[in-house]
Amino acid sequence: MVFSLTPEQAMLQESASRFLGDRYDDAARRRFRAEDAGFSLDIWQEIARLGWLGSGFSEQRGGFGGGPIETMILMEAAGNALMSEPLLGSMVLPGSVLAEAGSYDDLAHLIEGKSLFAVAWDEPEQPSALEPATVAEPCGDGLAIHGEKKLVLGGQIADVLLVTAKLDGRLAILRVQSDVGGVDVRTHRTLDGGKAANVRFDSARIDRSDVLASGNEAPAVVSEMLARAIAAACAESLGAARNLHDRTLDYLKLRVQFGRRIGEFQALQHRMADMFIALEEAQSLSMMATAALEEPNGDHRDRILSAAKIGVMGRAMHIGREAIQLHGGVGMTDELPIGDGYKRIKSLSLMFGDEDFHLDRMNSLAV
Amino acid sequence: MVFSLTPEQAMLQESASRFLGDRYDDAARRRFRAEDAGFSLDIWQEIARLGWLGSGFSEQRGGFGGGPIETMILMEAAGNALMSEPLLGSMVLPGSVLAEAGSYDDLAHLIEGKSLFAVAWDEPEQPSALEPATVAEPCGDGLAIHGEKKLVLGGQIADVLLVTAKLDGRLAILRVQSDVGGVDVRTHRTLDGGKAANVRFDSARIDRSDVLASGNEAPAVVSEMLARAIAAACAESLGAARNLHDRTLDYLKLRVQFGRRIGEFQALQHRMADMFIALEEAQSLSMMATAALEEPNGDHRDRILSAAKIGVMGRAMHIGREAIQLHGGVGMTDELPIGDGYKRIKSLSLMFGDEDFHLDRMNSLAV
Amino acid sequence: MTTIWTPELRAFRDDVRAFCEENLPADIRLKVLAGVPLTRPDHMRWQDILAGKGWLVGFWPRAYGGCDWSAAETYVFQEETTSSGAPWLLPFGVNYVGPVIYTYGSTDQKAEHLPGITSNEVFWCQGYSEPNAGSDLAGLKTRAVRDGEYYIVNGTKIWTTMAHWADWIFCLVRTDAAAVPQRGISFLLIDLRTRGVTIQPIKSIEGDSHLNQVFFEDVRVPARNLVGEENKGWTYAKFLLGHERVLSAEVGKARRYLRRIKRLAARNGKNNSPRLKDRLSRFEVDLLALEQTTLRVLGAILAGEARGHEASVLKIRGSAILQQISDFAVDVLGTEALSYDPEWLRENAGMPLEEIESMGVVSEALYTRAPTIWGGSNEIQRNILAKHALGL
Amino acid sequence: MTTIWTPELRAFRDDVRAFCEENLPADIRLKVLAGVPLTRPDHMRWQDILAGKGWLVGFWPRAYGGCDWSAAETYVFQEETTSSGAPWLLPFGVNYVGPVIYTYGSTDQKAEHLPGITSNEVFWCQGYSEPNAGSDLAGLKTRAVRDGEYYIVNGTKIWTTMAHWADWIFCLVRTDAAAVPQRGISFLLIDLRTRGVTIQPIKSIEGDSHLNQVFFEDVRVPARNLVGEENKGWTYAKFLLGHERVLSAEVGKARRYLRRIKRLAARNGKNNSPRLKDRLSRFEVDLLALEQTTLRVLGAILAGEARGHEASVLKIRGSAILQQISDFAVDVLGTEALSYDPEWLRENAGMPLEEIESMGVVSEALYTRAPTIWGGSNEIQRNILAKHALGL
């Protein structure tokens, strides 16, 4: 349900927005994107120092005592700044896995920015995250991994990959150094202008102690990760949509055609009003998704998360389409960040289950 | 494909619109609706004298040499006048059945307005028109009919019912006087303010010679009837939508609020423009449906007719909803005919296969 | 992390639910579930029950007979009663004129009019719109001319919901024709039994007559029935419109409609249609968005942070969603919907649910074309958002 | 009953189809089907082939090298070539400036400029929009000042598609700053190699650079390059915009996109999804509506009954449908669409269809956000309909 922020949370929100306001503009984003990693490693170290990376984890897990709301605040701010740094891929996903699997040392390294982690879970042919085709087989004292993962967010720069695979026929989560033999990381550009990686494992060797989760624990860890990813994607999309909404509103107040500010034309006013409504509703649904993370895993939570994903993405996409249209020609240019926001939202709409996936899930869980 | 009218067809169009302009206004429609039949039997006789009832049938079948285009012209004009007289139920449906089944004497009576016919084909539980639960069993020299039909358009006043039933396990079309024993006609009001009937057959007796079609012929007759009904429903909906469109446009030019004609408000202008586009497209699709009737029965024709039904009805409903909304309060009153047009369109959208039915048919016939 | 769902609020929700289960008359509930138009006695019987419990004017201050409910409690009360199948609580006295009187009225007016509302004895209606002043209320022309201790009222009001059942009407009237349109308007209480008042029902498209036109011909209204100051009526009207719109997100009613669609679909063998399932899931998404937004607005109201335009968001979305759901119910009925007769429905209102429900669904769907028009049309609401929320 | 489908027209359709099958280079067709952005040589090669056949300017009068095609033949030609996978036929010379020159130009201008278009030797681009004159062309500020036998042009044009490949540009320039906005505009032909012209590509959101900004700094343009009369440019511009919009209902291209969606869905195992089938059927309904409306408009043009606003209907619907279909193709790709790299796509344009198609689909979907904006945005088209079709 809906909540308001504690004073600490409000402070985090303000400090994030101040930092991003200072450090992020269109030129900076362009520069960061051009770096090898597809983002700025310096900024990553700075946000580690600012405590962002630990803010979403409880103290007993090595975090700073926060939870889903803190993550939401940061993801929304990052979305609003159209930030290139992979908070989703290198903080939310691996952080959730490490926290849930109890790998607190690794989590500490992630939080301090000492190591970069990424989760390799998505596969080209397997629709379910709980049924990977990737396998880990006994090999000497340890294990050898075979398989192929796609769209590993943050994978282009990760020191450590957290890999889902079948071990003895059951799901397991494995810790793999990205530089060991048999790991082939292929970086590619992504729709939103960033980078990600496809990764092949060809007899990549790990120790038995690198099995972070198995048995009944592993599916729970993966499910929790996906739940957090959905809420984070909602928050980030909302932030990006707010950026597009605000820029469009500014443009309507600035641009003059036919001797009037175009914001005086009633047809555009009504469309802007509908964008405003969409933004308000997306905000509500994003908060609902975050609040749902506090509930026990189960059908009810899955249904709420699916509804939030469908609803936030549909509304954010509406705002994205209208932002381009109401900007006219300049909305189509790479120079303005309208397209960047649009592409980021479109990307998030396809990740962690697209509309089809979540509609199917809602239908199957209908009460 | 698209066509233009012959001089004779243009004349029919003009004469129909002149007759309806003279004889039909809101008060007249209200008066006619209040009659026992739910429409004016006098008007029916007049349009028979004007030759309307024979205009859609070829000369060799006792008609006046016209075809689907003439029917389209009349249905569109009737829709535009929100006419109460059951052209669909008492002309298109039975006329098509009589013409296809070769009952030219009956057809002549229909055309001259001497007898009123109605087709009893729809059943409460049977989804397919080709598989009625109504049966005709041998009984003495003749047959006895058992079964139940719903929504018999024109059935409230018909002298003769054309009834689909199973005879020896196969579809047949039977000719039944509505006043014989065992026929129970229950008139009811319809959503559009008119009337129709539910009919029960409880051992209703007919002669063997009253079997109008059987064997392979009967399904072809019913299919042809439904095809013509779909095209006619498209044309009538288009006419009704044009009425609502035109009245709304007039209202926008007349109504003053905030010191301006409301048609000067750009948000309403753009919505009116979208209504105009919808009307143009509905017109195109209605003509496409009519043209399709000239093609041989088959998958291609069915697919085109389904597309036309979905497309015309969707657009006409859009116009109907907007007509009420843009009229504001007065659009909700029974005094203005906006609601009548809306309800007629909604009714036609549900008849002869609703959107679900036609989407399913299109999907199954997809190329 | 705080939420509006305090333990107290949850307890209150359970109380309301239990109260409805015990006290809502079965025949009224049946009509509501079936979508059958209610009669005046139906409304009054249920409101008497609420008045007996002290809940009819629950959100009013205790000083005037209320329970001092917070915005959250008011919301919960509305949602729970609606969801349980209780009638729409007529807002004209309780939500509209009552708060205007206890906020702006004189001591005498409070004493004269508030008890009749709290006890459900006086039936009020609202005289705002006129034939040439619909969206543009400032253009209203009904005149009230001061004549000693009286105002002489001439003019007409339209779309006055349930005026034919009402005892009193509160009106916006023009008291200064020379002033600019929004000035010169006053807020007047008029006894409908006064000579010169004529009420003419307007039949609407579903075939029922809940709307009316009210004519005033030299109607003498005691000057003491003027609320607040002369020519300041616009202020009180705006205050009231804000009250009206907060109520417009009827999530409970929409959920009730969705439950009915599932029931109808099961009856028609459509409940396994993937298309139907998608549609229901999408409605559920929209309702969650509306519900969560309503809760956020309530949170803002409780925190004193509401900016005022939020009500327009709820009005636009609430009315549109309800309209889509009720129209979709007709589609689920299919050709069954075509057998529709509002007179028959009125005469057979007491029949079992299955026998009348399909007509009720149609009646409701037609009637539900109105919420996007009334209470300030959605076009007006978008103007409000553009101006007040967006600064355009 | 008459239709535009005369036996002659059907025969022509078959001719065009057969010609494309035989003569459209396979590598170009592959790029088009994959959605890969084309290069200048790609366009020129195909247009050379059409020019060789005499079909590049088929709708032009025979006197100027055309085939005197009717509107119906022109339509059939466009639909058949597009549907077969031929590149978009660049309209700037053939459809835009050519007809202006042969309708309003001098004998010398016809002799100088038309042959270069019919033979596909001169590449034209269009200089209409300016940074502050987008929807409001009358607000344009690029000035042309007469100086003896020259105009001195200063200012800038934006969104000039393919200017970076072009030889010449036709421009609207202001020749009388004192006149009311729509007067005082002239239509000028400018050689892009003239000193003082700078072309700066604009990267658009799909990552390609088909758009440009063109700067003019003291550019000396021979006065003989003025088309028609000075200050009458608005007339020629309106004539041209009419031509532009008739082409905007690209049903053939939309059908090609739908075929691709079916192919992609089959590859991704989604082709039996009821949701996908519904979506495709609905698109088919929309396309039939658009196609039939286009044919009706053509019929009206042939009969001399077109009122002019019909082009706006086709532009609004054609652009919207194409946009929805191309966006839906990305949804069918799913996460596959996320691996997108416009540079890689340009460098690997020759690879097999399956390897590059997913990126081509994304590129095309992003690029297709533009058709609702260009050529008079759909908002402007609605203004036109409200005014000219509806009299509002």
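Labels below follow one simple rule: chain letters A, B, ... track the order of the sequence lines, proteins then strands, and each chain is numbered from 1. Everything quoted here is computed from the prediction, not taken from an experiment.
D:Ser281 approaches B:Asn363 most closely through the heavy-atom pair OG-OD1, 2.6 Å. Across every non-hydrogen atom of B:Ala273 and D:Leu385, the tightest pair is CB-CB, 4.0 Å. The minimum heavy-atom distance linking D:Leu288 with B:Ala307 is given by the pair CD1-CB, 3.6 Å. For the residue pair D:Ala289 and B:Ser284, the shortest heavy atom distance occurs at O-CB, 4.1 Å.
The shortest side-chain heavy-atom distance between D:Val285 and B:Arg315 falls under the 4.5 Å cut-off. Using a 4.5 Å heavy-atom threshold, the side chains of D:Leu390 and B:Lys253 count as separate. Using a 4.5 Å heavy-atom cutoff, the side chains of B:Glu355 and D:Arg282 are in contact.
Of the atoms belonging to D:His388, not a single heavy atom falls under 4.5 Å from chain B. Contacts between B:Gln283 and chain D at a heavy-atom distance below 4.5 Å involve backbone atoms as well as side-chain atoms. Contact annotation for D:Lys387: neither backbone nor side-chain heavy atoms come within less than 4.5 Å of a heavy atom of chain B. Looking at B:Arg261, neither its backbone nor its side chain comes within 4.5 Å of chain D, counting heavy atoms on both sides.
For the atom pair CZ (D:Arg382) and CG (B:Asp274), the distance works out to 4.0 Å, reported to the nearest 0.5 Å. Taking CD of B:Glu280 as the reference point, atom CZ of D:Arg296 lies at 4.5 Å (rounded to 0.5 Å). Here OG1 of D:Thr293 is found 10.0 Å from CD1 of B:Ile277. Values are rounded to the nearest 0.5 Å. With rounding to the nearest 0.5 angstrom, the CD1 atom of B:Ile304 is 7.5 Å from the CD atom of D:Glu284. Separation of atoms CG (B:Leu252) and CG (D:Leu392) is listed at 6.0 Å; rounding is to 0.5 Å. The CG atom of D:Asp278 sits 7.5 Å away from the CG atom of B:Asp360 when rounded to the nearest 0.5 Å.
Ranked by heavy-atom pairs shorter than 4.5 Å toward chain B, the options D:Val313, D:Asn383, D:Leu280 are led by D:Asn383. Most heavy-atom pairs under 4.5 Å with chain D, from the set B:Glu264, B:His358, B:Arg303: that is B:Arg303. In terms of heavy-atom pairs under 4.5 Å with chain B, the best-connected choice from D:Gly391, D:Gly299, D:Ala303 is D:Gly391.
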Exercise for review: Using the side-chain contact (heavy atoms from CB on, under 4.5 Å) rule, take D:Glu379 and B:His270 through it: C-alpha gap first, then chi angles, then the decisive distance, then the call.
Suggested key: CA-CA 8 Å; D:Glu379 289 73 30; B:His270 280 204; 4.1 Å; yes
